[in-house]
Every structure is written in structure tokens, then in C-alpha cells.
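Working notes, beginning with the structure itself.
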Number of protein chains: 2
Amino acid sequence: MVSSLRLPTLTSLFSPSSFARRSTVTLRRRLHLRPPLAAGFSAQSAASSPTGTEDRVEGKKSSRVQERANTDRVITPRSQDFNAWYLDVIANAELADYGPVRGTMVIRPYGYAIWEAIQDYLNVKFKETGHSNMYFPQFIPYSFIEKEASHVEGFSPELALVTIGGGKELEEKLVVRPTSETIVNHMFTQWIHSYRDLPLMINQWANVTRWEMRTKPFVRTLEFLWQEGHTAHATPEEAEEEALQMIDVYTKFAYEQAAIPVIPGRKSKVETFAGADKTYTIEAMMGDRKALQAGTSHNLGQNFSRAFGTQFTDENGQRQHVWQTSWAISTRFVGGIIMTHGDDTGLMLPPRIAPVQVVIVPIWKKADEKTGVLNAASSVAEILKTAGLKVKLDDTEQRTPGWKFNFWEMKGVPLRIEIGPRDVSSGSVVISRRDIPGKQGKVFGISMEPSILEAYVKDRLDEIQSSLLERAISFRDSNIVDVSSYEELKEVISLGKWARGPWSASDADELRVKEETGATIRCYPFEQPQVVIRASAPKLNVDDVFEQKNEIAKAVKEELEKAMSAYGYEIVQTLIVDIEPDEHVKRAMNEINAAARLRVAAKEKAEAEKILQIKRAEGEAESKYLSGVGIARQRQAIVDGLTLRDSVVGFSVNVPVMDMVLVTHYFDTMKEIGAASKSSAVFIPHGPVAVRDVATQIRDGLLQADSTVATI
Amino acid sequence: MVSSLRLPTLTSLFSPSSFARRSTVTLRRRLHLRPPLAAGFSAQSAASSPTGTEDRVEGKKSSRVQERANTDRVITPRSQDFNAWYLDVIANAELADYGPVRGTMVIRPYGYAIWEAIQDYLNVKFKETGHSNMYFPQFIPYSFIEKEASHVEGFSPELALVTIGGGKELEEKLVVRPTSETIVNHMFTQWIHSYRDLPLMINQWANVTRWEMRTKPFVRTLEFLWQEGHTAHATPEEAEEEALQMIDVYTKFAYEQAAIPVIPGRKSKVETFAGADKTYTIEAMMGDRKALQAGTSHNLGQNFSRAFGTQFTDENGQRQHVWQTSWAISTRFVGGIIMTHGDDTGLMLPPRIAPVQVVIVPIWKKADEKTGVLNAASSVAEILKTAGLKVKLDDTEQRTPGWKFNFWEMKGVPLRIEIGPRDVSSGSVVISRRDIPGKQGKVFGISMEPSILEAYVKDRLDEIQSSLLERAISFRDSNIVDVSSYEELKEVISLGKWARGPWSASDADELRVKEETGATIRCYPFEQPQVVIRASAPKLNVDDVFEQKNEIAKAVKEELEKAMSAYGYEIVQTLIVDIEPDEHVKRAMNEINAAARLRVAAKEKAEAEKILQIKRAEGEAESKYLSGVGIARQRQAIVDGLTLRDSVVGFSVNVPVMDMVLVTHYFDTMKEIGAASKSSAVFIPHGPVAVRDVATQIRDGLLQADSTVATI
């Protein structure tokens with residue numbers, strides 16, 4: 001009997017510290033340069049932003065600084081101080097600036113253009129998947145926030161409250177939305193009446209406010225921009241499907257557009273959104289190996305619909321609460337792009353989201369060369385613009401070509417085209433890649449002939465896009481270590497890497513691990529080792545097994561689901577795959593049922609093979625879908641003995657042909673497999689005193705095996 | 001000597017009451033149905049929104065209501081109660097709903113899609129005209145608002161203030177942005193250093209909050225969505241050009257996309273934006289003849305740059321304050337579209353901004369007809385979608401075709417295609433126009449052949465677009481009356497129409513007129529009677545006139561500009577068009593200069609003719625540009641004697657060949673022309689006591705003539 005379980009689980013990702021909310025990243029710039037709000041404002045930001053201050057730099061007469069590397073920009077090397085580098089890049093590439101109110105951010109045109117590229121892609125996908133845009137007010141009565149218990153607990157510490165309006169003290173304080181589930185439900189109650197009004201699927205692009213104490217541009221700001229999707233469904237299955245669909249949309253976006261190999265998975269209960277049943281997430285590894293939660297999709301269950309009374313009349317005339325989801329991606333994602341791809345030189349942008357994909361730098365020395373070079377540069381710009389590319393012709397005479405090279409490299413433009421007098425006479429150009437520094441990335445003699453040039457440039461942009469993704473994948477994979485004990489986990493975390501290993505302990509244990517090691521569970525990745533539950537029922541009448549195998553499979557599936565759903569599992573398949581009857585039954589059956597058994601066995605085997613084949617094909621299909629990265633959701637199974645014991649008792653009650661012997665055999669077999677397996681099943685045998693309980697629970701509770709077929 | 005002055009002025013538009021801010025429109029729905037904030041929320045809105053409540057209506061068993069006109073929607077006839085009609089349309093067409101906080105609005109998908117159409121068009125135009133999108137924080141330190149004197153006066157009564165953040169009382173209150181000039185200037189000071197940083201031209205799409213006391217969906221809400229452009233320039237001319245350019249973009253959008261014949265012009269000082277030197281506006285006449293301020297563009301001068309110290313180093317190394325503009329269009333425009341085109345049946349949308357341009361309603365009775373009809377309907381939908389049209393196939397079986405007809409008419413969809421079994425067999429469809437009710441708007445037998453169908457549908461959509469604009473123009477024009485006295489103005493206003501007449505009085509007078517009649521000046525339209533300043537210089541040596549005519553023209557232009565810029569004028573052209581020398585000079589000159597004079601005179605005449613010709617062509621070009629509507633900015637001139645007297649003294653000082661005789665003759669001639677002219681110059685001779693001063697000032701101050709050439 002084989003049961004395959006699907007979905008996030010015990011194999012978990014731990015990361016040292018992260019950009020999740022309320023982490024403790026120190027903000028060099030903020031702490032050192034920003035005076036408190038009450039002080040003057042003029043010197044608060046851009047203090048070391050030379051691109052915005054060209055005159056001042058020029059006025060300084062410090063030509064030495066300017067000579068150095070032919071640029072007046074000084075970016076802290078990424079390898080030296082990642083955080084300083086990040087803030088330098090944001091200032092010098094003019095992505096954002098500090099707002100006058102602590103923790104707020106001004107998104108400058110170059111940074112906003114990246115956000116627009118994110119919007120343009122997602123907006124189309126949202127509409128394709130059946131969502132409509134709309135807009136909810138940002139002021140929410142304080143009483144709304146209090147209606148959903150865990151929601152108010154999660155959000156009340158970080159609310160901004162309007163207490164005065166039109167010169168008068170308000171009767172009820174207004175919350176500046178930190179998220180919109182409450183007001184959305186308030187409105188849904190007015191729009192949803194019958195099953196025919198469902199599903200209701202909407203999205204809004206909006207600003208939200210969370211009074212964060214430790215802020216960092218893009219990653220965590222007091223106000224940020226995002227989209228928030230909100231849906232209501234008639235069944236829990238539909239809501240779950242929607243939540244998964246949207247985390248898929250985000251995953252695809254991250255891989256294909258932003259070249260960020262996020263790890264999709266489910267959050268632990270501790271990290272689940274305040275008010276959700278389940279939170280799905282995409283977790284990205286930044287250049288400093290910190291984790292960034294880049295997007296989330298929540299299955300809200302009926303938590304908000306019960307709090308707000310969002311009900312519908314089903315097809316049978318019964319009133320029911322709707323099942324809901326919400327999902328969001330924010331301007332934090334821009335920070336993720338910077339921190340995934342940047343290098344010591346500055347920003348490095350994936351072509352598909354770059355505001356400028358190609359910069360053209362004309363080069364001449366003598367006055368008589370100028371016209372020819374500029375004409376050629378303009379014509380090249382025109383060719384590429386017509387081909388649909390985002391092109392910048394930098395023909396200012398205030399800067400040298402060398403200065404421009406450095407500037408646009410720092411701004412992360414994927415391709416640079418250089419055109420000099422010699423190129424004009426040979427009808428060709430020089431093309432340099434941002435992702436391959438120096439001469440290696442430079443190719444001479446690319447023809448200006450429109451069709452050749454266009455094809456060459458587009459090919460290179462595609463190459464850069466793939467190359468950035470591959471680079472990020474290999475960086476990520478070389479920094480994730482599989483661990484099988486708590487000691488190993490601690491060691492890996494202390495090295496600043498991510499640990500992947502089994503987890504099945506309590507919320508309190510999770511917090512204790514965090515306290516001891518600084519490690520948090522980023523997610524239970526969708527990608528899991530192949531795991532199958534095996535159980536034997538040796539005393540069962542073989543004929544009965546045949547006759548009842550559908551019922552048995554169904555009962556097993558139902559009972560396992562009850563037990564495992566708490567861990568986020570879904571039972572994909574239950575198979576009765578092989579029959580080993582009791583000896584005396586065997587003899588009796590041999591003659592009577594030989595033919596029939598052979599036939600059935602063949603069918604079962606074929607079915608099992610078929611499933612394996614389909615699953616393999618599905619895996620391949622999903623691998624392709626994720627740009628050949630191979631993040632396929634694999635099948636998995638897991639048993640928590642204690643929990644399952646009850647459910648199997650229930651199971652045996654439901655299936656009276658099985659007695660308690662079955663239950664015993666079941667767990668004996670499970671333990672045997674668990675102990676003997678050469679699979680990826682892992683245990684944490686030696687925990688420190690503080691987490692010994694964790695280890696014990698894991699050992700007792702967790703059994704994994706990568707075999708695909710097992711025997712009753 | 002002829003001087004043509006360009007720009008808004010005295011001929012003003014008065015409207016009875018309006019949707020400008022702080023007007024006194026009563027909100028039936030709000031006042032009658034909405035409990036105050038502190039009370040419960042569930043019953044606050046959509047109380048009479050049957051489209052969202054189909055089940056409830058069906059559940060009522062009140063089939064009589066449903067039979068009536070085959071619809072369950074009840075919209076108050078527009079002719080009966082415009083305001084009730086407006087609110088009914090918004091509820092039934094599911095454009096918007098009330099938010100839980102007083103005065104807030106939820107923009108529902110159908111209404112938001114109209115806003116998206118506005119965004120899509122303007123976003124492209126903004127980028128074409130050199131602007132970049134970015135984003136500023138919405139929280140502004142209260143001290144910022146206080147920096148610009150008239151700004152704080154204008155906005156402080158309607159601010160929403162955040163006083164608590166993260167559970168703590170804030171040291172400084174934060175303003176939730178009502179507009180962003182202050183924070184924009186705070187940031188501009190950090191980005192602008194030299195003339196090379198200018199012009200700085202940005203835009204943001206954002207929400208803004210104004211604590212309005214009397215609200216109305218779309219037209220005036222506590223929070224609304226808009227775009228706000230902000231620019232900084234090195235010269236006042238550039239800023240003025242930018243402010244005019246953007247009001248042009250808005251005007252073109254209104255005419256060409258929204259089919260709203262707005263009247264572009266300049267606001268009176270009283271109505272000018274708090275902090276601006278000049279406010280340009282587009283004023284639209286709604287179906288109830290109320291005025292709607294549909295978009296504004298402000299020349300901010302140096303008001304904010306002086307308050308915030310936004311300076312740059314010019315090419316000569318001097319520090320100067322920048323010259324700025326700001327401009328905005330908001331979700332109010334959606335209200336303008338509803339109120340311009342709607343009729344008793346409901347919404348009527350111009351095809352270019354309609355979320356659904358064509359609705360397809362399949363019709364069948366017998367089961368065996370169904371498949372054929374649905375297939376044909378799907379194929380027609382596919383043809384039109386492929387052609388780039390926004391198509392909705394309404395194939396639900398829960399509603400009758402008649403119900404669907406009414407529903408989509410109420411939603412304002414421009415074209416409806418009906419397909420029944422007979423149509424399927426003849427390979428044709430029936431097409432109905434929303435703008436022509438009943439049989440007259442219905443055409444049978446349009447071929448389903450893709451190229452024919454596509455061409456036919458696109459032609460009809462273009463026709464509807466033009467037809468809606470023409471209808472709105474003729475409605476507007478039939479409701480604007482030219483007045484030449486205060487009595488006439490009062491009468492016209494009392495009839496609910498708009499009055500167009502001269503105006504040159506003080507701000508206090510303007511407020512007094514408003515108090516007495518309820519009339520406000522909507523704008524000084526760009527479109528003005530042709531006006532020319534004429535002046536004679538009889539004692540001048542003719543040869544000198546010839547020799548110095550360029551200098552004279554330049555001096556006149558400069559002096560007039562100084563005097564007239566206060567009224568928003570720009571001097572377009574100064575011409576020395578005819579020479580009548582003093583008698584004894586004449587005789588002496590006759591012989592000596594006969595030949596030369598004839599030549600020069602001919603040249604001058606030709607030049608004048610050329611100018612007229614060019615201006616005529618320009619006028620025609622602009623007429624075409626505004627969809628043949630003929631809103632051309634015409635040339636105009638005006639003299640305020642008292643103000644001009646000073647400037648002409650300056651003029652004579654600058655041009656020493658002219659003496660004080662010139663000045664005297666100048667004004668004598670002006671007055672003579674003013675008194676004798678049969679032009680459109682108008683006076684208000686008999687005001688009531690309270691506004692007698694107004695009339696006196698107008699008579700003294702205002703001189704208009706429509707002649708194009710005059711004589712020295």
C-alpha cells in the first residue's frame with residue numbers, strides 16, 4: 001500500500017538571519033547620517049550621492065578623486081561591506097532616496113521604472129488568471145482591525161493612526177491600511193450573496209503603511225507600494241488552488257523576469273500571516289546569503305469571513321462562509337533584484353526588467369569626426385528602438401566616454417554599444433556585456449546592418465538573462481547545506497549558510513532554535529525528497545483486499561489527510577500495489593485465483609508504472625516551465641506516528657475488516673523502514689538540552705524514505 | 001501699430017453652482033442612508049444596488065418589479081432628479097460603492113477600468129512630453145505645509161493628521177498628503193544643483209486625502225486617486241510653457257478620448273490654487289449644466305522654491321530659485337464622464353474609454369438552436385477581440401436576452417451585437433447603438449465575414465465617439481449665453497445657464513457677485529474675441545519709424561508684457577503696420593522717400609497679410625487638432641488704462657524718440673476705439689449698488705475691439 005503525500009513539509013530551510021520583518025539589520029546610513037525628524041531636513045539624504053551632485057564634485061577641484069577609475073562615484077565594495085554597498089548603489093544609481101519622515105522612501109525614476117516593469121508583467125498575469133483591478137480606501141476604522149483575533153495581534157504594534165480630520169478630533173481612530181483584508185471583507189459582505197457571485201477575484205495596486213522600527217530602502221520601509229490580491233470562493237479546495245496558483249505566478253515571475261531563483265514553499269505556523277491558515281512564500285537568497293521573503297500568498301480559510309460575516313447562499317440554499325485568499329508582492333522585490341545580481345561595480349539588471357537595456361556611447365576626438373559618429377549612434381539607437389528595445393543614447397559632451405562606461409555599468413545596464421570613427425568607417429560597432437567584465441565581455445566588429453545588429457543584441461540580452469539566473473542558482477545551491485542533526489544545523493548556520501533538514505517540532509521549539517542559533521525556518525519547500533508511506537496488512541484475506549481495495553485506498557487517503565493536513569500535506573495517491581497473503585490463505589488462493597491475480601497484479605503494476613511515468617512527465621514539464629531550473633513539486637509523504645496512531649484507529653474503525661493487528665504491523669513496518677532506509681530520511685539524534693525535546697519528537701515523529709513502491 | 005496679446009482674460013465664464021471644491025451640492029444618498037461613522041457599517045451602502053443583489057431581488061418573488069421593463073433595476077430618470085440619477089447609475093452599473101469611513105469610496109472593477117483607460121492614455125502622453133514616473137511618501141511633516149503661506153491657508157482646514165505611530169504619540173504630527181508640492185520641493189533641493197539638472201520633470205500616480213465635508217462619489221471624496229506632475233525649470237518662460245503644454249494634454253484627452261468638450265482657460269485669482277501664480281483649468285459642463293473642474297495645471301512661479309530654498313546655479317554661476325509647475329487629473333474625471341454622457345437609461349460611455357466596447361448577446365429558444373447560436377457568438381467575439389476590441393460575450397443562461405439588453409445599456413456599452421438562429425443561417429448579425437435608442441439605432445444583416453464585420457464595428461464605434469462629442473458640444477453651446485451687463489448675467493444665471501462676459505474687477509467684487517447671484521467665475525477662456533491694441537505716434541519722424549520699427553515693436557512688446565502679464569497675457573506680435581506722418585513731415589518725405597516708402601509699405605502689408613494667413617492656418621490647425629471643434633486659441637488684446645499708463649511711461653523712457661504726446665494720443669485713441677467699436681467688447685453699465693464699483697472698473701479698465709489692423 002503506497003500513499004503519496006503532496007505539499008510543504010518537514011524538510012525545511014533554515015537561514016541565519018533575514019530580511020523578514022523585525023529582523024535586526026543595522027542601517028549604517030540611517031543611523032549615522034540621518035538626524036531625527038524634528039531637526040532640519042536638507043542634509044538628511046543623498047549626502048554621498050555624487051551623481052545627483054555633479055556640480056558640487058566639479059566645484060571641489062579635487063581632480064584626484066575624479067581621476068581615480070575615471071569616475072567620481074565611490075561605492076563600497078560589495079565584498080567588503082554588503083550593507084554599505086547596498087546603500088551606496090541605491091544612492092549612486094539614483095534608485096531611491098530617504099523621505100523626510102523617518103523610515104519613508106522616495107522612489108526615484110530609475111528605481112520606479114523597475115517597479116513599473118514588475119507591474120506591467122504581473123498586471124497582465126493577474127488579468128489572465130481572472131482578476132480585476134479595483135481600489136479600496138486606505139482609511140480603516142480601528143474597530144475593523146480588532147475583529148480578527150490574530151490579525152489585530154499581528155498588526156496592532158505597527159499601525160499609523162489618523163486621529164484628527166478637518167481640524168477636529170475624530171470619534172473613532174482611523175488606521176492607515178497596513179493590509180486590506182478587513183475592509184475587503186466589509187465590502188465583500190455587501191457584494192456576495194449567492195454562489196453565483198463567487199469566485200470574487202480582485203486586486204489592487206496601492207500604498208500601505210507599517211510602522212517599522214528598523215527600516216532599509218525597498219526592503220522595509222514605513223510606507224511601501226504593493227499589489228494585494230483578494231479572493232473569495234465557495235469551497236476550501238478552490239481557495240487552496242487559488243493560493244497555490246498565485247504563488248506559482250510569483251515564482252514564474254521571479255525566475256523568468258527577475259532572474260531570481262526563489263524557493264517556493266510554505267511558512268511555518270510561527271511565520272504564517274496574522275489571520276491566515278497557511279502562508280505560501282517565495283524565499284530568495286541575497287548576495288550576502290541573507291534570506292528575503294519576496295512574495296506571499298495566503299490561504300485565509302474562513303478566518304476573516306467568520307469575523308466579518310461574509311456569507312453566501314450555496315446551491316442548496318444553505319448559508320456558508322466564503323473561503324478566502326490574499327497575496328502580495330511589494331517594492332521590496334526591487335531590493336531583491338539589487339541584492340541578487342549586483343557586484344562591486346554596482347547594479348546589474350536582468351534585461352527583462354532593466355529600464356535601459358542598451359546604452360550607446362559615441363566616441364570621437366577631433367571635431368570633424370563628431371558628426372559622423374553622432375549620426376551613426378543615432379541611427380543605431382533608432383534601429384534598436386524600432387526593434388522594441390529600451391535604448392539610451394548618451395551623447396552629452398560634458399563627460400568623457402570612460403566616465404560614461406563606468407556610470408552605466410554602475411547603473412547595471414546589460415549591454416553597452418560603443419561607436420567611434422573607425423567603427424563608422426567599417427560600418428560596425430563594439431558591444432560590451434555588463435555581466436562579463438573587461439575584454440572578455442567585449443566584442444568588436446558587429447555589423448550596423450539593422451537585421452544583423454538587432455538579432456545580435458537580442459541574442460546577447462537573452463544570454464545575459466539566462467546567465468544571471470544560472471549564476472544566482474549556483475550561488476544559492478552552493479550555500480544550502482543538507483543537515484541531519486541539530487549540531488550540523490548549528491555549524492552550517494554559524495558559517496552564514498542555509499541549512500536544509502527535517503522539521504516536525506512545535507512552535508515553541510522553533511522559537512527556541514531561533515534564540516539559540518539565530519536561525520529561522522524560511523519555509524517548507526515545495527521541492528521535497530520523494531517520500532512514500534508504506535504499511536502492511538498481512539492478516540487480511542486477499543480476496544477481500546482485492547474486493548475492497550478502492551475502499552481501503554479511499555479510507556487510507558481520508559484518514560491520512562485528516563492527520564496530515566495539519567502539516568500542510570495533501571494526499572496525492574493511495575495505491576494497493578502488492579499482495580503478500582498469509583501463508584495458508586496463500587496456498588488456498590494460489591490455485592483458485594492464480595489467473596485472476598496475475599491479471600490484477602499486472603494491472604496494478606501497470607497502473608503504478610503509469611503513475612510513475614506521469615509523475616516523471618509532470619516533473620519534467622514543471623522543470624521546463626521554470627526555465628529549466630528543475631524546481632518541480634515532487635511527491636512526498638510523511639508520518640507523524642503519534643498523530644497518525646489516532647487516525648489509523650479511526651481508519652480501522654471505518655474499515656472493520658482490519659483489526660488492531662493491522663495498526664501494530666503498520667507502525668512496526670514504518671519504524672523498520674525508517675531505521676534501515678538509505679534514503680534521504682534524516683534524524684536529529686543529539687540536540688542540546690534545551691531542544692532535546694525537539695530531537696525526540698523528530699525521531700518519534702518523522703519517517704522519510706525515498707523508495708517509490710512498498711509492500712503490505 | 002498693432003499688438004496682439006495672447007491668453008486668458010476678461011471674457012469670463014460664470015456658472016451657477018459647480019462641483020468645484022466646497023460647493024453645496026446635497027448628497028441625497030449620503031445624507032439619507034449613511035449612518036455616522038461610529039455606528040454599524042453593514043448597511044451603509046449598496047442599499048439600493050440591485051445588480052449586486054440579484055439573489056435578493058429574485059428571492060423577493062416580486063416578479064412585478066422584474067417584469068417592468070424586463071429589468072430589476074430602478075434608476076431615477078435623469079430628467080427628474082439629476083443627483084439621484086447619478087447615484088443610482090453608480091450603484092447599478094457597479095462603478096463604486098461607499099467605504100466604511102464617511103466620505104470614502106470603493107472604486108469597483110467597472111469604474112476602475114474607466115480610470116485605467118484614463119491612466120493608459122495619459123501615462124503615454126506624460127512620457128512623450130519628457131516626464132518620468134516616481135513616488136513620494138504620503139506622510140508629510142506638518143511643518144512643511146506651513147512653509148508656503150497661501151498653501152497652508154488653502155489646505156489646513158482639510159488635512160488628515162497621523163498623530164500615533166507604532167503605538168506611540170508622534171513628536172510631530174504627520175499630514176496625509178493633500179497634494180505633494182511641499183515634499184517635492186524638499187526633495188528637489190537635494191537633487192537640483194545646477195542648470196544642468198533642469199528641467200526636472202516628474203509625475204506620480206497616487207492617492208491623496210482631503211477632509212471634505214460634502215462628498216459625492218468620484219466628484220469629491222475624502223480620499224481620491226490622481227496623478228500629480230511636478231516640474232522645475234530655469235526660467236519663468238519654460239515653466240509657463242510647461243503649464244500650458246499640460247493643460248493642452250488634458251484638453252486633448254478630454255475631447256478625443258472622453259468626448260467631453262471642456263473649456264480650457266485660466267482661473268481667477270480667487271480660484272487659483274493655493275500657492276500658484278496662475279492656475280489653468282479645463283471646465284466641463286455636466287448634464288445638469290453644473291460646471292466640473294476636470295483638470296488643472298499650475299504655474300507655481302517661485303512660491304515654493306523660495307519657501308523651500310530650491311535653488312540652482314545658473315550658467316553664469318549665480319544662484320537662482322527654480323520656476324515650477326504642477327498639474328493633476330483625478331478620479332473626479334470618471335464622474336465627469338458619467339454626468340456628461342449618461343441618460344435616463346443609465347451610463348453611456350465613449351468607445352475609447354469604455355471597459356466593454358461591444359457586448360454580444362446570443363438568442364435562442366429551442367435546445368437544438370443553442371449550439372449553433374453559441375458557436376456563432378463565440379466566433380464573432382473572437383473576430384472582434386483579434387481586431388483589438390474590448391468584447392464581452394454574455395452567454396449566461398440565468399437571464400433573458402431582454403434583461404441583458406437593458407443591463408448592458410444601463411452599463412453604457414456603446415455597441416450590442418445580437419445573434420439568433422435566423423442570423424446564424426444567414427451568416428449575419430444585428431447591431432444596436434447605445435447612443436441611438438430603439439429601432440433607429442438597430443441595423444440588421446451585417447455580415448459575419450471577419451473583414452466586413454470588423455470594419456463595420458470599428459466605423460460605428462468611431463461614429464459613436466464623434467457623435468457623443470458633438471452632442472455634448474451642442475448641449476454646452478446652447479447653455480452658454482453672452483452677457484453684456486450685470487443684469488443679463490443675473491438673469492442667465494437664474495436660468496441655470498452659463499454666462500460669458502467681460503470681467504476685470506477685484507477679488508472682493510468676484511466674491512460679492514458670488515454672494516449675490518451664486519455665480520462663480522469658472523475661467524477666463526483661452527478662446528477670446530479677437531482683440532488688438534492700437535496706438536498712434538503722429539509726431540514721429542517717419543524715417544525714424546522705419547529705422548527703429550523693430551526696436552519700437554520690441555519695446556512695445558516688452559512694456560505691454562510687463563503690464564499685462566498680471567492678467568495672464570502674453571504678447572504674441574507687435575506690428576508697425578501703417579504710417580501716417582505729420583503733415584509737414586509728410587510733404588517733405590513725399591518726394592524723397594516715395595519709392596522707398598512704397599516698397600516698405602508693400603512689404604509691411606505683405607507681412608501683415610502673411611501673419612493673418614499664418615494665424616488663420618494655425619487656427620484651422622488647432623481646430624482640427626481639437627477634433628474639428630474649433631477651440632482655437634485666438635489672438636487677443638486688452639488694455640487696462642491705469643496699469644498700462646505706468647508701463648507706457650516706461651516705454652517712452654526706453655524709446656526716447658517718443659515723447660509724452662505719444663502717451664496721450666495712445667490712450668485717447670484707445671478710448672475712442674473702445675467707445676465706437678462694433679466689436680464684441682462689452683460693458684456692464686448698471687450694477688446694483690453693491691457691485692457698482694465693479695461696473696465702473698470694468699468700464700474704465702476694459703477695452704476690447706475685434707478689428708485686426710489699426711492705424712497710428
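This one's a predicted model, so the numbers in the text were calculated from it and none came from an experiment. Just so we're on the same page: letters track the sequence lines, and every chain starts at 1. Just so you know, these numbers use all the heavy atoms, side chains as well, and skip hydrogens, waters and symmetry mates.
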Side chain / backbone / both / neither for B/Thr331 at chain A, heavy atoms under 4.5 Å: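 For B/Thr331, neither part sits under 4.5 Å from chain A.
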
So which part of B/Leu159 gets closer than 4.5 Å to some heavy atom of chain A, the side chain, the backbone, both or neither?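 For B/Leu159, the contact with chain A is made by the backbone alone.
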
Of all the heavy-atom pairs spanning B/Ile107 and A/Met134, show the shortest one and how long it is.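 Closest approach of B/Ile107 to A/Met134: O-CB, 3.0 Å.
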
Taking all non-hydrogen atoms of both residues, which atom of A/Pro137 and which atom of B/Gly99 are closest, and how far apart?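 Nearest heavy atoms, A/Pro137 then B/Gly99: CG-CA, 4.2 Å.
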
May I ask you to check whether A/Gln190 and B/Tyr98 show a side-chain donor-acceptor distance below 3.5 Å?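 Absent: no donor and acceptor within the cut-off.
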
Return yes if a side-chain donor-acceptor contact under 3.5 Å exists between B/Asp97 and A/Trp191, otherwise no.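 There is such a pair (donor and acceptor under 3.5 Å, judged by atom type) between the side chains of B/Asp97 and A/Trp191.
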
Heavy-atom neighbours of B/Glu153 CD exceed 12 at 6.0 Å: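 Atom CD in B/Glu153 is not crowded, with 12 or fewer foreign heavy atoms closer than 6.0 Å.
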
Taking the side chain as everything from C-beta on, heavy atoms only, tell me whether [X] gets closer than 4.5 Å to [Y].
X: A/Phe144; Y: B/Pro100; answer: yes
X: A/Asn207; Y: B/Asn207; answer: yes
X: B/Asn133; Y: A/Pro109; answer: no
X: A/Trp211; Y: B/Leu170; answer: yes
X: A/Val106; Y: B/Tyr135; answer: no

Stepwise side-chain contact (heavy atoms from CB on, under 4.5 Å) test for B/Thr104 and A/Gln138: CA-CA 9 Å; B/Thr104 63; A/Gln138 76 165 341; over 6 Å; no

Count the heavy-atom pairs under 4.5 Å between each of B/Ala113, B/Gly166, B/Ala96, B/Ser156 and chain A, then report the option with the highest count.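 Between B/Ala113, B/Gly166, B/Ala96, B/Ser156, the count favours B/Gly166.
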
If you tally heavy-atom pairs under 4.5 Å against chain A, which of B/Asn203, B/Thr209, B/Thr221 wins?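 Ranked by heavy-atom pairs under 4.5 Å with chain A, first place is B/Thr209.
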
At what distance, to the nearest 0.5 angstrom, does OH of B/Tyr112 lie from CH2 of A/Trp205?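 Rounded to the nearest 0.5 Å, the OH-CH2 separation comes to 9.5 Å.
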
Between atom OG1 of A/Thr163 and atom CD1 of B/Ile164, what is the distance when rounded to the nearest 0.5 Å?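 Between A/Thr163 OG1 and B/Ile164 CD1, I get 5.5 Å after rounding to 0.5 Å.
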
List for me each residue that meets salt bridge (charged side-chain N to carboxylate O under 4.0 Å, His left out) alongside B/Glu116, sequence neighbours excluded, and say none if there are none.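 Here the qualifying residues are A/Lys127.
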
Quick one: side chain to side chain donor-acceptor pair (under 3.5 Å) partners of A/Gln311, sequence neighbours excluded?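 If we apply the side chain to side chain donor-acceptor pair (under 3.5 Å) test to A/Gln311, skipping adjacent residues, there are no hits.
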
